[in-house]
*Asks:* 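Take a look at the following structure, please.
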4 protein chains.
Amino acid sequence: MTASQASLYQTYFYREPEPWRLNPKMDQRDWRGVFPAMTTPFKEDLSVDYDAVERQAFWLISSGCTGLVALGSLGESPTLTAEEKIQILETCRRALGDRVPLVAGISGLATPEAVALAMAAESVGCDGLMVLPPYVYRGDWRETEAHLSAVFSATPLSSMLYNNPIAYGTDVTPEQLRQLVRHPNLHAVKESSGDIRRVTALREVLGDRLAIFVGMDDVVVESVAAGAVGWIAGLVNAFPAESVRLFELAQSGPSVELRDLYEWFLPLLRLDTVPKFVQLIKLVQAEVGKGSARVRPPRLELAGAELEQAHHLIQERLQRHMVSAV
Amino acid sequence: MTASQASLYQTYFYREPEPWRLNPKMDQRDWRGVFPAMTTPFKEDLSVDYDAVERQAFWLISSGCTGLVALGSLGESPTLTAEEKIQILETCRRALGDRVPLVAGISGLATPEAVALAMAAESVGCDGLMVLPPYVYRGDWRETEAHLSAVFSATPLSSMLYNNPIAYGTDVTPEQLRQLVRHPNLHAVKESSGDIRRVTALREVLGDRLAIFVGMDDVVVESVAAGAVGWIAGLVNAFPAESVRLFELAQSGPSVELRDLYEWFLPLLRLDTVPKFVQLIKLVQAEVGKGSARVRPPRLELAGAELEQAHHLIQERLQRHMVSAV
Amino acid sequence: MTASQASLYQTYFYREPEPWRLNPKMDQRDWRGVFPAMTTPFKEDLSVDYDAVERQAFWLISSGCTGLVALGSLGESPTLTAEEKIQILETCRRALGDRVPLVAGISGLATPEAVALAMAAESVGCDGLMVLPPYVYRGDWRETEAHLSAVFSATPLSSMLYNNPIAYGTDVTPEQLRQLVRHPNLHAVKESSGDIRRVTALREVLGDRLAIFVGMDDVVVESVAAGAVGWIAGLVNAFPAESVRLFELAQSGPSVELRDLYEWFLPLLRLDTVPKFVQLIKLVQAEVGKGSARVRPPRLELAGAELEQAHHLIQERLQRHMVSAV
Amino acid sequence: MTASQASLYQTYFYREPEPWRLNPKMDQRDWRGVFPAMTTPFKEDLSVDYDAVERQAFWLISSGCTGLVALGSLGESPTLTAEEKIQILETCRRALGDRVPLVAGISGLATPEAVALAMAAESVGCDGLMVLPPYVYRGDWRETEAHLSAVFSATPLSSMLYNNPIAYGTDVTPEQLRQLVRHPNLHAVKESSGDIRRVTALREVLGDRLAIFVGMDDVVVESVAAGAVGWIAGLVNAFPAESVRLFELAQSGPSVELRDLYEWFLPLLRLDTVPKFVQLIKLVQAEVGKGSARVRPPRLELAGAELEQAHHLIQERLQRHMVSAV
């Protein structure tokens, strides 16, 4: 991080840690269960709707979620200004109290930017970080490792590596993760490669050193069967109770209730794994009365046949849900 | 662009256009010849070395380049702060006077960010814009078109679309470009798909409406043969005279001098089309005494066998060059 | 099939079906359990070692396998002449008696070739067919469907579609399979896309209409958890008892024995899913004393560092196995 | 090649070379100009129409083609039986006399199959071979090199390597070709990677050791500009005079006539580089009255909207042609 950048970021972000933060309480064993990757609600003028942030965060943890991730991809992090990011974290912290861990998504084009955001997250009381490789530049392992290590070292916060080679072009393999676990605060990994074999391979290489989270909604049951202990979830933004129940059932092994719930949920869960997942999940939220479909450009709200098709799918699922709930 | 973001950006960037800018002088016919995508020189602490920016810009146009692009990928734009971007443009403007057009690379994660940067570029006296699709998000054509149009509409500056599907994941086809040319200030396209057929296809669909620039150093001669009239160049940062000569010869058709120069230059020109092109081109600059190899993270300077190999290639080329120049 | 080709193929292959074949006994419910994709043993001069075929087939079913596939990819089908294919099927039929179903892999560059091979397989007493899309040509669905339907219609034999988009370039989706099940003798599908989500999707679209087999050794446990009822297996050629046990355990749900056996087996099972899987599996067979490592060109036996590495992996696993078996 | 396979193939194919073949006359310098990859005409029952083969071959060389390739991909080689292949070569030989070289496409799933076909081609008087890497199996370089060398060594015939990594999955790089030129009868390379840079790279690595042919119709002019001396052509099957003229003009450097002819021809030439190129080129032949659109399965003739679109494109081009020819 350059001096000028560091000072630039510090001017904006850095605050003395709250006393209670000096002894971080989030640990490896806190990475368990369903953590929503929360969407970011916008007002009509596309400014952040902080009241809605607070309500949504509170509702999610009241429904049984065991943690919360703000500033993830689903939170449209790339479109948020630095100031907005801080204020969202502060709002979530307020909503959550210290009931469940608050995790900040850490991404960016440049290393100093990611480091500064991590420090800012610490300064506003986050418990954990979900760390991505750099955007755009697909470096070799030496470069990726340096970037990730800079972020892990920047704070004592409990950290998760987010591996999503399909969306971001950089793959961190189990063998490479083995080199990263020298960071004592690296506690978890979010697997979004889409290849179920990675869960087994992670356990083979790393044992229980890292908590394995599944990062794609439509392989959650299979991933739990293979050893995942947590879920960074998407559709949870509209269906928190159903998501928490699904995860619990998956942990208990095969059952008729699990099969039925998964069968009902799966067409919706698949919306989490396509490029327009943000638009789609926000649309589901809107249709169940828990948010607005508004997104920031370059994303645009769905329109035309695509909107029609998504709307039809959602309503058909809701209809079945009503019936089966009777 | 949201109101809050617009005002945020305006606070930082926006200035009243200089009077001479109200009548933009860069036109379609000014997109011709060799435009360096200038690297950004850093001091030891990785802050921008503005003196070096000025010297480098002046040297390049003194060597026959007919325009200059700042803030491109080669300029490590993703690692520059907004303030640095503005100051680099101002420095280049000062170095160039009004001898040749100054073009600003416009990229970003969010549409308002790109729009604000375009407006800022105008406010500091740039003549043209080189516009990229959004980083990271790979939208459909409706979304990509909206993003690009927002930028083209933001200023009256003469604009170039930069198409690089391999590096950025979004491909703008000739048919899609046909829809974009309703923007009267869209004057040029930089083709970096790596597929020579695109040059012919662009001419087929668009005739002479757009000036076609080749964006990959290692197909420059072939692209000129197919109809390209300009070159956004990389190795020019170390070899401006050679680059300008190569382009002139290519325009004159097959010759022994062209063949010999291309044959000598090609192993170096290929350094422009690999993921570490920034590190490699800055290394070449360092070895010819025209800059430093320093890069900002997440990029790291080359090391070990990779450095050795690059060094050997460069020296071998320089040695041949000396001999043939006798 | 052209007249000339049909007569050509009939001259070589076609025989009157045995009386007991007129009432095919293999049904959808027979597609269950572990079916080895048997390797083809060669003598020193690379001619087929039919005695070894017979011994190997007998050993496999004596170890608990519930079916046998000859002429699969693992059987180096592309290198076998038409005559050899027939003789291998006849040999297997003799070895198996009517204890378990014999399935013939049906592949080829041209549709008539595949049809003729299917008819020949019927004429020598096979119970089922494992049918691939055409080699090399990646047609659209209309063309792929026509090819597959020609093969399914050619005989009354119980048939499996083999879907392996990675190796063969054509993907048959669950929706497309829905169109194929109008063939009453299409009873099973072998899923080798490598995407565990396909198992769930197949059940969603097709219910229990087709028996789902997993076709990649290194996702067998996960696939059974997701609903697969059978396994076209590779390493079974060297470890039939272990493979059968693994499959049984997987069907019984999570257990310590399953976890331990899978953990031991997995590094070997992964050898089934790389381009040199034939060379690797035959090497494992050779090292456990159950076959030779010989392959036909264009495949060559492993050599140098690659051989050393594979040898080391195999011996390390065998060593552990011995110990744990004490 | 196994003994049994060798004898099998020899029984069918091998004949004593004609005396005039003992002193092969095709040399490196004969690989020049336009060589049609001839389509294979079928009768209504899809048997080969040998009379049409003869007429077509004669017409092509009468129009100025300097060589002829039979049994290429465009000739639907994968669907031809061994007997048909031989008879096609014999028919072409008869049609050509010794006016221009006759080249046989050599492809197959197994090495012995390719070797036997090469020997058979020699025995019926072919002058050259166009050799592909093996179908389906994507080996490493050691394996690919062994396959290719077996074919090059099998006869003294002048040989061309056909490199088409997109269609066949195996890429032979310029550096690898450098290892292959120890075969004295390897005289040419057909470049179908689609990357124009390969032409320059081949010349850089190999100088004039190999005659470079372009293998994709829609980069012919660009490839000649970069150094190609020949063209394995597709649309030539319908437009031989136009193809020969285009190639001659391309060799003479930029001209108005070249630009106009290429502009007219290009939409048709592009039909050569899509998966259905066989169906499309045969359709063009049918529409100009020089053949039938019939293809063998797994390819099917175009139908519906796709046929309509192709038909419209062809007629539109023909209409312009008529007019401009006045």
*Asks:* Verify the distance criterion only: is there a donor paired with an acceptor across the side chains of B:E143 and B:Y137 at less than 3.5 Å?
*Replies:* yes
*Asks:* Side chain, backbone, both or neither: which part of B:E145 has a heavy atom under 4.5 Å from chain A?
*Replies:* neither
*Asks:* Measuring heavy-atom distances to chain B, does A:P134 have an atom under 4.5 Å in its side chain, in its backbone, in both, or in neither?
*Replies:* side chain
*Asks:* Heavy-atom distance under 4.5 Å to chain A: side chain of B:E44, backbone, both or neither?
*Replies:* neither
*Asks:* So does B:R270 get a backbone contact from the side chain of B:T273, meaning a donor-acceptor N/O pair under 3.5 Å?
*Replies:* yes
*Asks:* Do A:L186 and A:L177 come within less than 4.5 Å of each other through their side chains, counting heavy atoms only?
*Replies:* yes
*Asks:* Tell me, for B:Y168 versus chain A, whether the close heavy atoms (under 4.5 Å) come from the side chain, the backbone, both or neither.
*Replies:* side chain
*Asks:* Atom CD1 in B:I281, atom CG in B:D272: separation rounded to 0.5 Å?
*Replies:* 4.5 Å
*Asks:* Contact part of B:A150 toward chain A, heavy-atom cut-off under 4.5 Å: side chain, backbone, both or neither?
*Replies:* neither
*Asks:* Check whether any side-chain heavy atom of B:V103 lies under 4.5 Å from a side-chain heavy atom of B:I232, and answer yes or no.
*Replies:* no
*Asks:* Which one, B:R299, B:R138, B:K43, B:E76, leads in non-hydrogen pairs under 4.5 Å with chain A?
*Replies:* B:R299
